[in-house]
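One structure is given below, encoded as structure tokens.
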Amino acid sequence: MHATKLNKVGNSTGLILPRDVLAAADLQRVDEVRIEVRSGRIEITKTVETCNSTMDIGQRFAAHYRRTMAILSK
């Protein structure tokens, strides 16, 4: 188990993760992560690339059919 402090970063709060913790979680500094709170615990997981590509497809679809969706929502 590791102990660390929360640090002020601008108007937010940052957490410094030790190198061995990152290695054990198969994370690198440039990785995109997802942060969730479950049962009072903070879970940090590596974002899966397929999730990102699915979101990109959804955003392109929404942008392409924006007028159609606005008409249908009335």
Side-chain angles (χ1 to χ4, degrees):
M1 183 170 111
H2 295 277
T4 187
K5 284 186 173 182
L6 298 175
N7 300 299
K8 182 176 168 87
V9 179
N11 289 330
S12 299
T13 302
L15 175 67
I16 296 173
L17 300 173
R19 184 179 301 157
D20 58 328
V21 171
L22 290 175
D26 192 29
L27 290 170
Q28 298 179 3
R29 288 183 183 164
V30 297
D31 288 338
E32 186 173 321
V33 295
R34 174 176 289 153
I35 302 170
E36 296 179 280
V37 178
R38 293 185 185 181
S39 303
R41 298 174 67 110
I42 299 171
E43 293 184 5
I44 303 171
T45 53
K46 192 174 192 176
T47 303
V48 180
E49 195 61 38
T50 56
C51 178
N52 289 338
S53 62
T54 302
M55 288 297 291
D56 290 340
I57 292 168
Q59 288 173 342
R60 285 195 307 268
F61 175 88
H64 184 74
Y65 292 103
R66 187 174 315 279
R67 282 187 55 211
T68 304
M69 290 173 22
I71 291 169
L72 291 173
S73 67
K74 292 181 182 181

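Note that the coordinates shown come from a computational prediction; the quantities given were computed from them, not determined experimentally.
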Not counting sequence neighbours, list each pair that qualifies as a salt bridge (charged side-chain N to carboxylate O under 4.0 Å, His left out) and has a residue in residues 62-74.
none
Residue pairs meeting salt bridge (charged side-chain N to carboxylate O under 4.0 Å, His left out), one or both in residues 35-45, sequence neighbours left out, come to E36-R38, R38-E43
Assess whether atom CD1 of I42 is packed by more than 12 heavy atoms of other residues, nucleotides or ligands within 6.0 Å.
no
How far does CG of L27 sit from NZ of K46, to the nearest 0.5 angstrom?
6.0 Å
Please report the interatomic distance CG(L22) to CG(D31), rounded to the nearest 0.5 Å.
9.0 Å
side-chain hydrogen bond (donor to acceptor under 3.5 Å, both in side chains) contacts touching residues 7-23 (sequence neighbours left out)
H2-D20
Using side-chain contact (heavy atoms from CB on, under 4.5 Å) as the criterion, list what pairs up with L15, not counting sequence neighbours.
T4, L6, L17
Cluster membership besides M69, Ile/Leu/Val/Met/Phe/Trp/Tyr side chains within less than 4.5 angstrom, sorted by chain and number, is F61, Y65
